[in-house]
Amino acid sequence: MDRTVCVQLWLLLLTLSGTGGTLVDVLVDRYYIPKVCPREVQTEDFIRYHFNGSFHADGKHFDSSHDRGKAFISQVGLGRLITGMDRGLQGMCVNERRRITVPPHLAYGSIGAGGVIPPDAVLVYEVLLLDIWNTEDVVQIRSYSKPATCNRTTAASDFIRYHYNGTLLSGEAFDSSYQRNGTYDTYLGQGDLIKGMDEGLLGMCVGERRVIIVPPFLAYGETGYGALVPPQATLVFDVLMVDFFHPSDDLTVQVKELPKGCIRRTVSGDFIRYHYNGTFQDGTAFDSSYKRNSTYNTYIGMGYVIKGMDKALIGLCMGEKRTITIPPHLAYGEDGVEGFIPGSAVLVFGIHVVDFHNPKDPVEIRVTHKPQECDVISKTDDWIQYRYNCSLMDGTLLYSSDQLDLPSVTTLGANNVIWGLEEGLSGMCVGERREVFVPPHWGHGENGAAGVPGSAVLHFELELVDLQKGVPEGFMFVWTGDSPDPLFPAMDLNGDKLVPLEEFTTFIMLQVKEGRGRLRPGVDADSIIKDMFNNQDLNKDGKIAENELYVTEDDKAERDEL
């Protein structure tokens, strides 16, 4: 025997008495029962239902809530309905459909009703139950999804942003924030919402989903709400809490990763480069520097970013990772950013500090190894050979001398390398190793260079491999002690009063070998000596005579090799 038949036998009594076949009790046909029925009509419950009323004798309609355009509302079991309906409505579920047949003595009897219901009429009601509530009802709350972590829940006077689908108890939709493509934003617990929602939204986590069932007297009551919510309607809200904050909230900071050996933290006025992922409190992403494959670069503490970020970027270490939660009054406020940030949105940033510097920073040098003997150190005009690794502060390798086919060489002071590297290579002895940190104003500046991001702090690991003492700018040869006096006889090795290129070369190389003179390092010696010879050979006959060597003071200023 199926459920419908069982229920009919349990609820309904059909009795024939005497020979006239008189119907002595209500006949109920439950021809549609919903699969889920959390609550059945009981005495003293209020109900809202649609009905069509007809006569059993000829099927003629005498009344219909559908024709009136609104459902019928009443209380059950207290005599406010005809006795037959009071009995026939007992045990109904919302969305259940019943056919209730009522004999005259349980309807309008032998008198009838106002010319509409004739005497002794058997009445048939087709009923659809839409709503049930009781004066003892409270707001019903069922959370069906909660986030794994919930550090804080909603409280009175919080400002909340939530999505919802609103239906009547029968399942008929009356409103949805999703259809408007925007959250519902309001203060909680201050009377801006219906009482039942003010209560039902308390204690929620961001990302939590709830079903909140609000009885009519805690919703829109007897008046309903325009064409959306009928009078005395129980409301069902399926809610997703998107975010919330309190107007007194400050930003919150959670350190995720703190590098070892942090000797300096950001201060106001520093220029910082950092990566970030930006989300709302529910985890929805709105922006990311990683997707643009470029750090966000700005001065901090000077109003170039939103107030909360300006504050949050103070006191960080290079390489540090933090999660920063910023309430809207420290972000984009009530207006948000059209098409990007909703009004009154709490923002969550996961940041990673790549590097930072101050425009006044010098080059920082850390000696990691120094030979025991360090008598000769690199200076301006010296020719040096060195090894290096150049990285960003997050460890990203940019360049390395190990990647080159030829050794790295330069003459200090010749502006062949960036200023910061020049500074880092100065004062070194052969075999010394250093770490050198070059701020961008000593490096490649705001624009960067090939492979080097703009405003990047550079980290060099240096080792001096070779050092040859140099000569001043514009010189090809200098005496390291007193020159021979007189000079020409010392140059004229065979005493024939003429010095050809071969003899000049032999003389100069002898001075270098014996430490009395020094050629410009890093340049081919034969080329330098030939240039020196040509400068002294005034008549260009391929030989230097004594009168060509001793020149006027004006000429000496121009030709100062010897």
Report task. Could I get the full list of ring-ring contact (aromatic ring centres under 6.0 Å, His included) partners for H50, not counting sequence neighbours? Result -> H66

Query - Qualifying residues under ring-ring contact (aromatic ring centres under 6.0 Å, His included), relative to F280, sequence neighbours excluded - result: F286

Report task. Provide the full list of ring pair (Phe, Tyr, Trp, His ring centres under 6.0 Å) pairs with a residue in residues 387-421, sequence neighbours left out, each pair given once. Result -> Y386-Y388

Query raised in the report: Which ring pair (Phe, Tyr, Trp, His ring centres under 6.0 Å) pairs, counting each pair once, include a residue from residues 251-271, with sequence neighbours left out?
Result: F271-Y299, F271-H357

Any [X] side-chain heavy atom under 4.5 Å of [Y] side chain:
X    : Y    : answer
S391 : T396 : no
D185 : P342 : no
F217 : D137 : yes
F174 : L235 : yes
E422 : L412 : yes
R152 : T252 : no
F159 : E334 : no
I132 : T234 : no

Query raised in the report: Between Y162, F237, F244, which is the residue that forms a ring pair (Phe, Tyr, Trp, His ring centres under 6.0 Å) with Y184?
Result: Y162

Is [X] atom [atom1] crowded by more than 12 heavy atoms from other residues, nucleotides or ligands, each under 6.0 Å away?
X    : atom1 : result
Q403 : CD    : yes
Q190 : CD    : yes
D402 : CG    : yes
F72  : CZ    : yes

Drop me the distance from [X]'s [atom1] to [Y]'s [atom2], to the nearest 0.5 angstrom.
X    : Y    : atom1 : atom2 : result
M428 : D382 : CE    : CG    : 13.0 Å
M197 : I160 : CE    : CD1   : 7.0 Å
T295 : D355 : OG1   : CG    : 7.5 Å
Q140 : I213 : CD    : CD1   : 4.5 Å

Could you check whether any side-chain N or O of [X] sits under 3.5 Å from a backbone N or O of [Y], counting only pairs where one atom can act as donor and the other as acceptor?
X    : Y    : result
D158 : L188 : no
S378 : L425 : yes
T153 : C205 : no
D394 : V354 : no
R161 : A345 : no
D282 : T284 : yes
S177 : T183 : no
D131 : R48  : no
S288 : Y290 : yes
R434 : G424 : yes

Requested in this report: Taking atom types as modelled, find out whether Y125 and D63 have a side-chain donor-acceptor pair closer than 3.5 angstrom.
Outcome: no

Query raised in the report: Between the side chains of N95 and S170, does any donor sit under 3.5 Å from an acceptor?
Result: no

Could you tabulate the donor-acceptor pairs under 3.5 Å formed by side-chain atoms of residues 440-461, not counting sequence neighbours?
| unit_1 | atom_1 | unit_2 | atom_2 | d |
| --- | --- | --- | --- | --- |
| H441 | NE2 | P359 | O | 3.3 |
| H441 | NE2 | D361 | O | 2.8 |
| W442 | NE1 | D361 | O | 3.4 |
| H459 | NE2 | E435 | OE2 | 2.7 |

Query raised in the report: Are any of the side-chain nitrogens in D238 or R209 under 4.0 Å away from the carboxylate oxygens of its partner?
Result: no

Query - Criterion side chain to side chain contact (heavy atoms under 4.5 Å, CB included) on R264 and N358, from CA distance to verdict - result: CA-CA 11 Å; R264 175 178 168 185; N358 193 280; 3.6 Å; yes

**Report entry** For the student: nearest non-hydrogen atoms of P147 and G207, plus distance
**Finding:** CD-C, 4.1 Å

Query raised in the report: What are the two closest heavy atoms between V236 and L169, and how far apart are they?
Result: CG2-CD1, 3.8 Å

Query raised in the report: For the side chain to side chain contact (heavy atoms under 4.5 Å, CB included) test, which of S408, S400, P407 pairs with L404?
Result: S408

Contacts under 3.5 angstrom, residues 300-324 side chains, donor-acceptor by atom type, not counting sequence neighbours:
| unit_1 | atom_1 | unit_2 | atom_2 | d |
| --- | --- | --- | --- | --- |
| D310 | OD1 | G301 | N | 2.7 |
| D310 | OD2 | M302 | N | 3.4 |
| D310 | OD2 | G303 | N | 2.8 |
| K311 | NZ | D250 | OD1 | 3.3 |
| K311 | NZ | D250 | OD2 | 2.8 |
| E320 | OE1 | C317 | N | 2.8 |
| E320 | OE2 | R322 | NE | 2.6 |
| E320 | OE2 | R322 | NH2 | 3.4 |
| R322 | NH1 | A312 | O | 3.3 |
| R322 | NH2 | G315 | O | 3.3 |

